[in-house]
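Input: a single structure, listed below in structure tokens.
As a basis for the values below, the full set of heavy atoms in this structure was taken, side chains included, without hydrogen atoms, waters or symmetry mates. Order of the sequence lines sets the chain letters (A, B, ...), proteins ahead of strands, with each chain counted from 1.
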Amino acid sequence: QSSITLGGTVDVGVRQVKNGTLGSVSSSVSGANSTSKLVLRGQEDLGAGLSAGFYLDGTIFADSGGTSTPFWDRRSTLSLAHRDGGELRLGRDWVPTHLVWSAADPFATLGIAGANTFRSTQSRAIGQAFGSTAAALAQSPTLRVANVVEYFLPSGLAGFSGALMASAGEGGSAGTGSTRGDGWRLGWTDGRLNLGAAQFSTRNANGGQDFKDQTWGASWDFGWVRASAGQRRWVYGSDRTTNTLVAAVIPAGPGVVKLSHLRANQQGASAALSANDASLTGAGYVCNLSRRSALYAHLARLKNQGGATFTIAGGAATSALPTAPNYFGGQSSTAFELGLRHDF
Amino acid sequence: QSSITLGGTVDVGVRQVKNGTLGSVSSSVSGANSTSKLVLRGQEDLGAGLSAGFYLDGTIFADSGGTSTPFWDRRSTLSLAHRDGGELRLGRDWVPTHLVWSAADPFATLGIAGANTFRSTQSRAIGQAFGSTAAALAQSPTLRVANVVEYFLPSGLAGFSGALMASAGEGGSAGTGSTRGDGWRLGWTDGRLNLGAAQFSTRNANGGQDFKDQTWGASWDFGWVRASAGQRRWVYGSDRTTNTLVAAVIPAGPGVVKLSHLRANQQGASAALSANDASLTGAGYVCNLSRRSALYAHLARLKNQGGATFTIAGGAATSALPTAPNYFGGQSSTAFELGLRHDF
Amino acid sequence: QSSITLGGTVDVGVRQVKNGTLGSVSSSVSGANSTSKLVLRGQEDLGAGLSAGFYLDGTIFADSGGTSTPFWDRRSTLSLAHRDGGELRLGRDWVPTHLVWSAADPFATLGIAGANTFRSTQSRAIGQAFGSTAAALAQSPTLRVANVVEYFLPSGLAGFSGALMASAGEGGSAGTGSTRGDGWRLGWTDGRLNLGAAQFSTRNANGGQDFKDQTWGASWDFGWVRASAGQRRWVYGSDRTTNTLVAAVIPAGPGVVKLSHLRANQQGASAALSANDASLTGAGYVCNLSRRSALYAHLARLKNQGGATFTIAGGAATSALPTAPNYFGGQSSTAFELGLRHDF
């Protein structure tokens, strides 16, 4: 007995971002509520509690018709699982730290208020460990990682869940996508309280030095509000960015109100670098049209401190160079987006 | 209640193109009768006359196994529709001018006799507005455009149909695919007579100047023949190309005979540029093997006037440089193709 | 009456390759037992013994989430077939020589022990005919070829099968994927004995010279063992590589044992080039978990002679330059891989 499922999401909206004194830019965006994606997955029951399964999941940039490189960038895995023994999984998958972090964020790290806004080469630990290009950021194991072997605990362990992960460097370097790393995740829930912690260490970042990605997250469902908090640290030598998140989701009418506040505290080799902090405050409403379709609206405001030049994606081009006409150090980015999401 | 459909077309054939004195080239071609494509689409009934729907449609180059960039190049849209209120659509879609133009062409703008043969950077208004490279032509909003918001009139308006479209430039330039534009389409039919008109204006073409794409088309179904005519103009500063089409589709045996004549009248800054006109005459027969499969054969002849160097795709490389050994000014291109089309 | 099928394979494993004195590298691999792939195909009965069908088949690099370029690299074809008259097929397909070669190899040319290990630009006939880059090898018609017209004999001809193939060069060169070639395949079977032979000639290899790819293969199923042998020659001017394969598949327990020995005998313009031979010995066990899922383990050892620098894929970078620190001439490559395969 087996099944194969083709599904996914198309989520498109419009966004306006105002980058300080540099003016506003309007754009069309994909995946601000749920990543636009194509998913093909299946499972086969092998008998005796064993099963085999595959999962292919790739981003669609639905505003422009594009797809990602690699095509199945979100997940491409093959699993052999046993009911009582757990799951062995091979391929490309989320890093465990992201899973804990995203679970604590009402915005699931997406859109203008998402808690991955400081996952940027402006976060010095990331930029120093993997390189300062957009390609290096995309390849860095702060979201997903290729060439992994994973083990997942079985379900039914008194609310505990957990995983181990190791990735093969294949003789390459982490900044070009050949991550040699290892990590773990541990979680517990009683249905209302959720606790999670995870770590992923990259052993072949620039200079062969370790890069550490550490996260904890917690949420409490009080019925009228689901409150959550979490912290994620990126550590590389003397550079460190600590993201701290507090958030709430409040059921209201046919949907939910989302509120979040995120702060990035940077520490570096000098007092000036350590002053490059920033915060992001977000609010949104998701109006469910059905279980699969929703309208949403988000508001967000990002404030840089010191010489920090973080931005909300989609605005005018900025520079970190103090003499540049579009220098953005210490400025603020504000944004609004409105969209429609449909799962299929 | 909802549905999801995976479908498409595979259409492959062989072609021979003779470019004047430069000899003949044989090739394998994809999509000469109907574009080879993969389509994934679905719809969800939201109740109260509302529905949500998505549409992903990407070209396949079935002769070589390739796909397009972006992958879902033909259409990638998300819609929220109301039975009486019309449809709001977001994403990447056809420009309205193409829809009117293609409806008037028996060859649906495809293959050696298709009415998009002069949609080329050789058409000066296009080349000047977007740049003279193949990439600029592909990005130009003369076929499809990304980052759009559209509104479509509901059906049932006494035969009238219509749409409004606007696209976000996102701070970029039209020649690189960031089109800031707006357009409309209006149509009317009584079942036998079809009338349509459309316009799409690009506001950020080269030099920030407007590029205008204007079309009208009409067809009359007399039973024994469906006659059609149309005109499409590309206007940019003093450059203008006017495509004029007359065509007929005649049912015959298990299929249809197709006939068309297309003329491109160019006007430019000088008499020499204004003399660069061209015409294309095409004929074909499509033999239906079933509702989904067909064999087809097309013949076409393109004649350049003045220094015009248009060609039918698939022939020997030509040059617009009078001193080049393969200079093609004023020469003719003749072609034949034979293929098989299968919708799935 | 018609059908459309979405299927494929996800196959991921881990591999360790030791390249002589250069040490070991561990990696994650895709498709060592069966190529990870996505297949979309369908057929329509047109009546009177006629049918139309399409087949789209593209590689997935399931260890990293990638796909191939072209996307449907394995096969992209459209067919018109008649029960008694045979099949006309257009598009991109396997070269006939590969089909005979792969049928004789228990490893189906895949993984560390696969019989395509010497299909490399190190095989001088290939390197000289198409160029010495990885891209030229990928484009060379030694695996698949685009822009083809094929004819296949119908089934039911007293055990005989056969095909003719021609590909359009489209005015380009073979090293960049525009192969002008032609070939044939002939086979016979009585159910236990299988015989096959094939040839594919490229007419526009480097210098416009012919490149010939010739194969024969045979297998005998004795019940307790399926023994096979085959030969494949690549010929270009004075350069020639002859691959000779002997192999066996022995049912054992819930799976099969696979054994193979492959030898590449090179002949070139000089005695030194003619001495660059190599051999590959492989063994494996495939343990079936179901008809669709299997665990497998492979061992292989490649031995270079003379200045040959062939390697098993996945090891440390080697050089063919005698003065380079990682010069690999005459060294050996040994490898082990372990994986899981799932067809869906």
Pick one of side chain, backbone, both or neither for Val145(C), based on which atoms fall under 4.5 Å of a heavy atom in chain B.
-> neither
Proximity breakdown for Val14(B) and chain C, heavy-atom pairs closer than 4.5 Å = side chain
Chain B contact via Leu50(C) - side chain, backbone, both or neither, heavy atoms under 4.5 Å = neither
Can you check whether Trp72(C) reaches Phe61(B) side chain to side chain, under 4.5 Å on heavy atoms?
-> no
Proximal to chain C - members of residues 308-317 of chain B, heavy-atom separation under 4.5 Å = none
At their closest point, which heavy atom of Leu80(C) faces which heavy atom of Leu289(B), and how far apart are they?
-> CD1-CD1, 3.9 Å
Can you say whether Ser167(C) sits under 4.5 Å from chain B via the side chain, the backbone, both, or neither, judging by heavy atoms?
-> neither
With a 4.5 angstrom heavy-atom cut-off, which part of Leu88(C) approaches chain B: side chain, backbone, both or neither?
-> neither
Ignoring hydrogens and angles, tell me if any N or O in the side chain of Ser64(B) forms a donor-acceptor pair with the backbone of Ala146(C) under 3.5 Å.
-> no
Contact listing (chain C partner; residues 25-36 of chain B; heavy atom under 4.5 Å) = Val25(B), Ser26(B), Ser27(B), Ser28(B)
Residue-level interface, residues 334-344 of chain B with chain C, non-hydrogen cut-off under 4.5 Å | Leu340(B), Arg341(B), His342(B), Phe344(B)
Residue-level interface, residues 200-215 of chain C with chain B, non-hydrogen cut-off under 4.5 Å = none
